[in-house]
Amino acid sequence: MPNVQYRSGNNKFFYGTVLNIQRIDYFVPISSKQHNREDDIQIKPKNDKYCKEYATLRFAYMLPIPHQCITMLNISEISNNTQKERVRKELAYCWKFKT
């Protein structure tokens, strides 16, 4: 999960979900921007009348990833509370579809 530091001083990390398809791990990035493409899955909030969606899973950017390159994100280590809450909600949404 590479970190990028912007001139504003804010850090942005790159994260997503990992899918295992026929014994190959694939990384699917999550974007906080709401894209409306056929190959994206919208991550929608539950019972939030002010927000139609949180983010999107970007399947157009899915790529195979060696297992040793996968790093688990520890949400409790995210210092920005807004970002932490967003990631927590996105993760909860993704877990609903785990099989």
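In this chain, residues are counted from 1 in sequence order.
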*Asks:* Tell me if the CD atom of Gln68 is crowded by more than 12 foreign heavy atoms within 6.0 Å.
*Replies:*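 Counting neighbours around CD of Gln68, more than 12 heavy atoms of other residues, nucleotides or ligands fall under 6.0 Å, so yes.
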
*Asks:* How close do Thr82 and Asn80 get, counting heavy atoms only, and between which atoms?
*Replies:*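 Heavy atoms only, the tightest pair is N-OD1, 2.9 Å.
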
*Asks:* Are Phe59 and Leu19 side-chain neighbours, meaning at least one heavy-atom pair lies under 4.5 Å?
*Replies:*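 Side chain of Phe59 against side chain of Leu19, heavy atoms only: contact under 4.5 Å found.
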
*Asks:* Once you round to the nearest 0.5 Å, how far does CD1 of Ile65 lie from OH of Tyr26?
*Replies:*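 These two atoms lie 12.5 Å from each other.
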
*Asks:* For Tyr61, check side chain to side chain contact (heavy atoms under 4.5 Å, CB included) against everything at least two apart and list the hits.
*Replies:*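 With neighbours one apart ignored, the set is Pro29, Arg58.
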
*Asks:* Look up atom CG in Leu57 and atom CD1 in Ile30, then write down how far apart they are to the nearest 0.5 Å.
*Replies:*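 If I round to the nearest 0.5 Å, the distance is 5.0 Å.
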
*Asks:* Say you draw a straight line from CD1 of Ile78 to CZ of Arg88; how long is it, rounded to the nearest 0.5 Å?
*Replies:*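 Reported to 0.5 Å precision, the distance equals 11.5 Å.
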
*Asks:* When rounded to the nearest 0.5 angstrom, what is the spacing between CD in Gln83 and CD1 in Ile75?
*Replies:*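 So the gap between those two atoms works out to 11.0 Å.
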
*Asks:* Could you report the tightest heavy-atom contact between Ala55 and Ser31, atom names first, then the distance?
*Replies:*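 Nearest heavy atoms, Ala55 then Ser31: CB-O, 2.8 Å.
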
*Asks:* Please give me the minimum heavy-atom distance between Tyr15 and Phe27, naming the atom from each residue.
*Replies:*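 Tyr15 and Phe27 have their closest heavy atoms at C-CZ, 3.6 Å.
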
